[in-house]
Amino acid sequence: YRVGLLDADIFGPSQPKMFDVEAARPALEKVGDKELIIPIENYGVKMLSIGFFVNPDEAVLWRGAMACNALKQLISEANWGELDYLLIDLPPGTSDIHLTLVQTLALTGAVIVSTPQQVALADARKGMFVDNKVNVPVLGLVENMAWFTPAELPENRYYIFGREGCKRLAEELGVPLLGQIPLVQSICESGDVGEPAALDEDTVTGMAFRQLAE
């Protein structure tokens, strides 16, 4: 599939590091009478993040309106080309960013990601996409850090954050549980070196991400 990935976490952009393109700087190209941003591409995915335009060692100290305007630019002033899917990675919680997105784009649906413990589930339950007044359907839930599996004991599961909390919340909301991602050290290491864990389909984590995608 032709996939675009938009990093909407304006204050904590992590996409450039996780895709090993921290040094990349998007170019501009003239399309008609407008100059559009060309997304950076790696692993077959086109992506844009505010992280490409700011110093990675400095905090983004912007008011909400500035952040929302930056997000609008990444959406409307970019030459994404023909895409089958545009995935938008949102920051946690509910903020101006979420509201801007709902007002700017016609969204097909939202995927809610949560860890299984009750504190995290309470936040997920209060998220804006669960509210019936927001006309964006919840496509399903993903349980992150569902269990811990040590590398030397790949068959063992330790439920550090509680067991199947997202599964129960999905049943409560009447939406599918799309996947459960284990807490495995290699996922953290893969993100830090910019090689997504999903690339290696033969590992436990690779299979978990593949099942989620399907």
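FYI, side chains are in, hydrogens and waters are out, and symmetry mates aren't considered; it's all heavy atoms of this structure.
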So how far is it from Leu6 CG to Leu105 CG, rounded to the nearest 0.5 Å? 8.5 Å
Rounded to the nearest 0.5 Å, the CZ atom of Phe52 sits from the CE atom of Met47 at a distance of 6.0 Å
So Leu48 and Asp7, do their side chains get closer than 4.5 Å, heavy atoms only? no
Check whether any side-chain heavy atom of Val142 lies under 4.5 Å from a side-chain heavy atom of Val111, and answer yes or no. yes
For [X] and [Y], indicate whether the former's side chain and the latter's backbone hold a donor-acceptor pair under 3.5 Å.
X	Y	answer
Thr100	Cys68	no
Arg2	Val45	no
Glu143	Gly165	yes
Lys17	Gly191	no
Gln15	Leu5	yes
Ser49	Gly51	yes

May I ask you to decide if the ring planes of Trp147 and Tyr159 are parallel, tilted or perpendicular, using 30° and 60° as cut-offs? perpendicular
Assign the ring pair Tyr43 / Phe19 to parallel, tilted or perpendicular, where the plane angle (0 to 90°) is split at 30° and 60°. tilted
May I ask you to check whether over 12 heavy atoms, not counting those of [X], lie within 6.0 Å of atom [atom1]?
X	atom1	answer
Gln185	CD	no
Glu82	CD	no
Glu164	CD	yes

Quick one: closest heavy-atom pair of [X] and [Y], and the distance?
X	Y	answer
Lys34	Ser76	NZ-O, 4.2 Å
Pro182	Thr205	CG-CG2, 4.3 Å
Phe148	Ile160	CB-CD1, 3.4 Å
Gly206	Thr203	N-OG1, 2.9 Å
Ala8	Leu71	CB-CD1, 3.9 Å
Leu141	Cys166	CD2-O, 3.8 Å

Between the side chains of Glu29 and Asn79, does any donor sit under 3.5 Å from an acceptor? yes
Is it the case that one hydrophobic cluster holds both [X] and [Y], taking links as side-chain heavy atoms less than 4.5 Å apart, direct or via other members?
X	Y	value
Ile88	Tyr1	yes
Leu177	Ile181	no
Leu87	Leu101	yes

Do the charged groups of Glu214 and Arg210 touch, with an N to O distance under 4.0 Å? yes
